[in-house]
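To start, the structure itself, in structure tokens.
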Amino acid sequence: MDKNPYMYDIYPDEEKRRFLTVLQLYDGIGEWYDFSIFPVKSGTFKIGRN
């Protein structure tokens with residue numbers, strides 16, 4: 001949060017921040033979103049054998 005202060009606007013209190021989770025991926029397909037710009041930018045990524 002300290003490296004991305006705009007996240008304090010998106011998740012203003014501890015109750016809302018409980019949805020934030022650090023994780024490690026080994027194999028999969030995912031999506032990412034950049035909320036620091038408008039319009040929001042998004043994309044997909046693959047990790048492992050996918």
Side-chain angles (χ1 to χ4, degrees):
M1 298 279 289
D2 291 333
K3 291 185 179 182
N4 300 301
Y6 62 89
M7 294 293 282
Y8 287 107
D9 294 331
I10 299 169
Y11 302 99
D13 55 43
E14 289 298 322
E15 183 177 339
K16 300 220 184 332
R17 291 180 200 145
R18 67 187 172 95
F19 296 105
L20 300 175
T21 304
V22 175
L23 56 103
Q24 183 175 0
L25 299 175
Y26 295 97
D27 189 31
I29 300 170
E31 295 180 273
W32 58 267
Y33 299 89
D34 185 349
F35 293 106
S36 68
I37 58 175
F38 186 81
V40 173
K41 187 174 181 180
S42 65
T44 59
F45 62 90
K46 295 179 180 182
I47 295 175
R49 293 174 283 186
N50 286 315

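What you see is a predicted model, and the numbers here were worked out from it, not measured in a lab.
Between I47 and D27, the shortest heavy-atom distance links the atoms O-OD1, 3.1 Å.
When atom types are taken as modelled, the side chain of D34 and the backbone of S36 share a donor-acceptor pair closer than 3.5 angstrom.
The number of heavy atoms from other shown groups lying within 6.0 Å of CZ (F38) does not exceed 12.
When the side chains of ILVMFWY residues are joined at heavy-atom separations under 4.5 Å, either directly or via intervening members, F19 and I10 end up in two distinct hydrophobic clusters. Note on I37: it does not cluster hydrophobically with W32, by side-chain heavy-atom contacts below 4.5 Å among ILVMFWY residues. Taken together through direct or relayed side-chain contacts under 4.5 Å among Ile, Leu, Val, Met, Phe, Trp and Tyr, M7 and Y33 form part of one hydrophobic cluster. Under the 4.5 Å side-chain heavy-atom criterion for Ile, Leu, Val, Met, Phe, Trp and Tyr, F45 and V40 are members of distinct hydrophobic clusters.
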Inset, instruction - Step by step, work out the side chain to side chain contact (heavy atoms under 4.5 Å, CB included) result for Y26 and R49. - result: CA-CA 9 Å; Y26 295 97; R49 293 174 283 186; over 6 Å; no
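For the pair R18 and Y11, the minimum side-chain heavy-atom distance is 4.5 Å or more.
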